[in-house]
Amino acid sequence: MDQWARQQRALALLPVCLALTFSLTAVSSSYWCEGTRRVAKPLCQDRPGVLHCIHYSRGSSDNGTQAVQYIWEMGDDKFVQRRFHVGLWQSCEETLGSTGENCRSFQSVIPAEEQGVLWLSIGAEVLNILLTLTSAVLLGSRVRHHSGFHWLKVDASVAILTVLAGLLAMVAHMMYTTIFQITVNLGPEDWKPQTWDYGWSYCLAWGSFALCMVASVMATSRYTAARRDLAEKKSGQKGSRHSPQDFQKPKASESVWETEAAPSPAGCALIGVSKHLPPEAAGKVSMC
């Protein structure tokens, strides 16, 4: 029975730990949004074998005083698509002709009037992580120590902390989404994407919000069930305490001796007596 209860407590800890892991991974990564940028190819110059550059050939005029460049790429062939990804902290873009990335601060890309909103979003994400971590610590103590703790208070605290963490995460995600969309429209020309979509970090962030809500509902359900069981136990103890004393108190009229004198042939008087006598007992006493 104790092993089963420990497994139930460990199961209650699982969504909180997953929410904490998802939040930490999302905040530390730079794949909230991904997409491509349309960039003009550089000239190949003296590197004819290099890809993603404009190939041209040199010619000369008749008098030999002016060199002529013949460029064969036309229209969209003069451009290349660069992939990029953005997070809370930085924006990275692949470099042409190598496997590396060129990264810069995301704060330097967004408009100046939106930087305060970005910091509010980051602050809400950090508070979300702290509240989720506190909930995980409380539930971890519940798993390790199965006695000696007031688990009603623990469940109530976890329910409040996780719902607050989920609400903060939701507000932070919505603020970041608004900031990114504004930057796409008003950001610098050398950063604006041609196509973009949400990345796996963004999905993890919303998954953390959903797990916080699940953990809050589970903690509330445990708290409600424990309160109901405690109330039933208290009512049962009160009933057992009063059950030996559940006898009918005598009425005031029954506690009075009533006497009736009746003539007797033997010169004795029959006196009727009644004071909680059994039904089968005689109710009169003979007195001479």
Side-chain angles (χ1 to χ4, degrees), residues 1-33 87-89 117-179 198-238:
M1 184 66 179
D2 183 68
Q3 184 67 22
W4 181 81
R6 184 179 292 271
Q7 291 177 356
Q8 291 294 111
R9 291 191 291 267
L11 184 63
L13 180 61
L14 180 61
V16 180
C17 291
L18 285 177
L20 180 61
T21 304
F22 286 2
S23 292
L24 288 173
T25 305
V27 169
S28 61
S29 64
S30 60
Y31 286 88
W32 285 62
C33 297
L88 288 173
W89 309 101
V117 183
L118 176 63
W119 283 111
L120 284 176
S121 175
I122 294 175
E125 292 286 355
V126 173
L127 284 177
N128 163 42
I129 292 175
L130 291 177
L131 292 176
T132 309
L133 178 61
T134 305
S135 302
V137 170
L138 289 175
L139 288 177
S141 65
R142 193 175 189 268
V143 174
R144 290 174 59 87
H145 306 89
H146 60 278
S147 61
F149 284 81
H150 202 312
W151 300 126
L152 281 176
K153 293 182 179 179
V154 170
D155 287 333
S157 301
V158 169
I160 295 173
L161 290 175
T162 49
V163 74
L164 287 178
L167 292 176
L168 283 172
M170 180 184 67
V171 172
H173 305 343
M174 295 176 66
M175 285 193 295
Y176 179 83
T177 304
T178 304
I179 294 169
Y198 298 108
W200 58 267
S201 299
Y202 191 79
C203 297
L204 283 183
W206 280 107
S208 174
F209 159 76
L211 287 170
C212 284
M213 294 295 103
V214 170
S216 177
V217 171
M218 292 175 63
T220 304
S221 177
R222 290 193 305 269
Y223 175 80
T224 304
R227 290 284 297 181
R228 183 174 58 251
D229 293 342
L230 185 61
E232 291 177 354
K233 287 181 181 179
K234 286 184 178 180
S235 62
Q237 290 176 358
K238 288 181 180 180

- prompt: Which residues pass the side-chain hydrogen bond (donor to acceptor under 3.5 Å, both in side chains) test with Thr162, sequence neighbours left out?
  reply: none
field: Listed partners of Ser121 passing side-chain hydrogen bond (donor to acceptor under 3.5 Å, both in side chains), at least two apart
entry: none
Looking at [X] and [Y], what are the two nearest heavy atoms and their distance?
| X | Y | value |
| --- | --- | --- |
| Leu88 | Leu118 | O-CD1, 4.2 Å |
| Asn128 | Ser208 | ND2-OG, 4.3 Å |
| Met218 | Leu11 | CE-O, 4.3 Å |
| Ala172 | Glu125 | CB-OE2, 3.3 Å |

task: Without swapping roles, check the side chain of Thr178 against the backbone of Met174 for a donor-acceptor pair under 3.5 Å.
output: yes
Any donor-acceptor pair under 3.5 Å from Thr220 side chain to Ser216 backbone: yes
- prompt: Is there any ring-ring contact (aromatic ring centres under 6.0 Å, His included) pair reaching into residues 154-174, and which pairs are they, with sequence neighbours excluded?
  reply: Trp32-His173, His173-Trp206
- prompt: So does Trp200 have more than 12 non-hydrogen atoms from other groups sitting under 6.0 Å from CH2?
  reply: yes
Is any side-chain heavy atom of [Y] closer than 4.5 Å to one of [X]?
| X | Y | answer |
| --- | --- | --- |
| Val27 | Trp89 | yes |
| Val16 | Leu211 | no |
| Leu161 | Leu138 | yes |

- line: Exactly one candidate in Ser28, Cys33, Ser30, Ser29 meets side-chain contact (heavy atoms from CB on, under 4.5 Å) with Ser201; the answer is Ser29
Please round to the nearest 0.5 Å and tell me the distance separating atom [atom1] of [X] and atom [atom2] of [Y].
| X | Y | atom1 | atom2 | answer |
| --- | --- | --- | --- | --- |
| Ile179 | Leu120 | CD1 | CG | 8.0 Å |
| Thr224 | Asp155 | OG1 | CG | 9.5 Å |
| Thr21 | Ile129 | OG1 | CD1 | 10.5 Å |

- request: Quick one: do Cys212 and Val163 satisfy side-chain contact (heavy atoms from CB on, under 4.5 Å)? Show the steps, please.
  value: CA-CA 6 Å; Cys212 284; Val163 74; over 6 Å; no
field: Under 3.5 Å side-chain donor-acceptor pair for Thr177 and Tyr202
entry: yes
